[in-house]
Amino acid sequence: RGKRAFIAGVADDNGYGWAIAKSLAAAGAEILVGTWVPALNIFESSLRRGKFDESRKLPDGSLMEIAKVYPLDAVFDNPEAVPEDIKTNKRYAGASKWTVQEVAETVKQEFGSIDILVHSLANGPEVSKPLLETSRNGYLAAISASSYSFISLLRHFAPIINPGGATISLTYIASERTIPGYGGGMSSAKAALESDTRVLAFEAGRKHKIRVNTISAGPLRSRAAKAIGFIDMMIDYSSANAPLQKELSAEEVGSAAAFLASPLASAITGTVLYVDNGLHSMGVGV
Ligand code: NAD
């Protein structure tokens, strides 16, 4: 049987989630995606209207099929956790069953089980503020959307991930080295995500025989990265200073994710894998 993957955090064809979906599809996996509720309508209508057809092309010439797009807001674990202002928010009105618990239940009903879980989402409402200026609420929101969201996804999906399965999240070097501009507690959120990768690798490995790894990716001009505001500078910095002087493509991260999700990586868990043209290994700019 082919493998089945659920990729949380795909809302267009520019980000790492889309590229990971493509690599897994090219390797023969069935693809399910979780799309942030406020971005769902535009993503689904763009898919339907063929706007992504060019970027759906796989190496064999066929087009990636997405078996199902699930609305998801990974900040909410179950319906009881959803506050009134979100329930009545127009951007959430058309969708239902989008909390983490409900999405996992629906995937179980509709597909039974999965083999691969990918977390490719982050959000920090105060990302443009220095950590020193970040509010408590902004900090906690960054951790909730970018770190706890992985714990929640893993907890709710683990029972339907087949033994031998793999989970992958995306992190950034700002967790361990100071990157001015990556503020609002996002650096803290990535540090938590990396630490949690180790602890959850132990817990989910023992309990469910599944692997937990994270990819520390170099800079990519995604929608989320453009919102932070310094992405072009980071890409230029990397081209100037990384061991490999080429722009990083989302496909390179997609390929690394396909490797980590495959039996080729069956003894790899609890790791941070750098896919960044080697920039993390430099101590000074050149
Ligand atoms: P992206 O915009 O393609 O992906 C982020 C996704 O998160 C979006 O689809 C957004 O709708 C979704 N999202 C936000 N809040 C959500 C929520 N509460 N529930 C569900 N979905 C939600 O951008 P990307 O840069 O590809 O980001 C993917 C991952 O890669 C993130 O974890 C990001 O931190 C990480 N990363 C990105 C870079 C980079 O330079 N772009 C570098 C290293 C790591």
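When a residue number appears, it is its place in the shown sequence, counting from 1. Order of appearance sets the numbers: ligands from 1, and atoms from 1 within every ligand.
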Which residue supplies the protein heavy atom nearest to [atom], what is that atom called, and how far is it?
| atom | value |
| --- | --- |
| atom 24 (P) of ligand 1 | Ser222 OG, 3.3 Å |
| atom 21 (N) of ligand 1 | Trp36 CB, 3.5 Å |
| atom 38 (C) of ligand 1 | Tyr16 CE1, 3.6 Å |
| atom 30 (O) of ligand 1 | Leu170 CB, 3.3 Å |
| atom 9 (O) of ligand 1 | Ala11 CB, 3.4 Å |
| atom 15 (N) of ligand 1 | Asn123 CB, 3.8 Å |
| atom 12 (C) of ligand 1 | Leu121 CB, 3.9 Å |

If we count only N and O atoms by modelled type, under 3.5 Å, do the side chains of [X] and [Y] hold a donor and an acceptor together?
| X | Y | answer |
| --- | --- | --- |
| Tyr92 | Asp73 | yes |
| Glu194 | Thr171 | yes |
| Asn78 | Thr99 | no |

If we ignore hydrogens and angles and just use 3.5 Å, is the side chain of [X] paired with the main-chain N or O of [Y] as donor and acceptor?
| X | Y | value |
| --- | --- | --- |
| Ser195 | Ala192 | no |
| Ser175 | Tyr172 | yes |
| Ser113 | Lys108 | no |
| Asn213 | Thr271 | yes |
| Ser146 | Ala122 | no |
| Asp115 | Arg4 | yes |

Chi angles and distances behind the ring-ring contact (aromatic ring centres under 6.0 Å, His included) call for Trp18, Phe52:
CA-CA 10 Å; Trp18 177 270; Phe52 300 136; 5.4 Å; yes
Which of these, Pro71, Ala225, Ser120, has its nearest heavy atom closest to atom 27 (O) of ligand 1?
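Checking each option, the heavy atom nearest atom 27 (O) of ligand 1 is found in Ser120.
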Evaluating non-hydrogen atoms only, which member of Ala74, Ala122, Gly9 is closest to atom 14 (C) of ligand 1?
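Result: the heavy atom closest to atom 14 (C) of ligand 1 is in Ala122.
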Taking 4.0 angstrom as the limit and counting only heavy atoms of [X], give me the atoms of ligand 1 inside it, by number and element.
| X | value |
| --- | --- |
| Arg223 | 2 (O) |
| Leu220 | 39 (C), 40 (O), 41 (N) |
| Ala217 | 42 (C), 43 (C) |
| Pro219 | 40 (O) |
| Ile231 | 40 (O) |
| Leu72 | 19 (N), 20 (C) |
| Gly15 | 3 (O), 26 (O) |
| Ala224 | 1 (P), 2 (O), 23 (O) |

What part of [X], side chain from CB on, backbone N/CA/C/O, both or neither, has a heavy atom under 4.0 Å from ligand 1?
| X | answer |
| --- | --- |
| Ala145 | neither |
| Lys190 | side chain |
| Thr171 | backbone |

At what distance, to the nearest 0.5 angstrom, does CD of Glu84 lie from CD1 of Ile86?
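Result: 10.5 Å between the selected atoms.
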Approximate separation, where rounding is to 0.5 Å, of Gln109 CD and Ile160 CD1:
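If we round to the nearest 0.5 Å, Gln109:CD and Ile160:CD1 are 10.5 Å apart.
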If we only consider heavy atoms of Gly218, is any one of them less than 4.0 Å away from an atom in ligand 1?
yes
Whether Ile173 lies under 4.0 Å from ligand 1, heavy atom:
no
Can an N or O of Asp73 be found at a distance shorter than 3.5 Å from an N or O of ligand 1?
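By distance alone, the answer is yes.
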Check whether more than 12 heavy atoms from other residues, nucleotides or ligands sit under 6.0 Å from atom CD1 of Ile42, and answer yes or no.
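No - once you tally the heavy atoms of other residues, nucleotides and ligands closer than 6.0 Å, there are 12 at most.
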Solution key, residues 131-141 side-chain donor-acceptor pairs under 3.5 Å, sequence neighbours excluded:
| unit_1 | atom_1 | unit_2 | atom_2 | d |
| --- | --- | --- | --- | --- |
| Thr134 | OG1 | Pro130 | O | 2.9 |
| Thr134 | OG1 | Gly184 | N | 3.4 |
| Ser135 | OG | Glu126 | OE1 | 3.3 |
| Ser135 | OG | Glu126 | OE2 | 2.6 |
| Ser135 | OG | Gly138 | N | 2.9 |

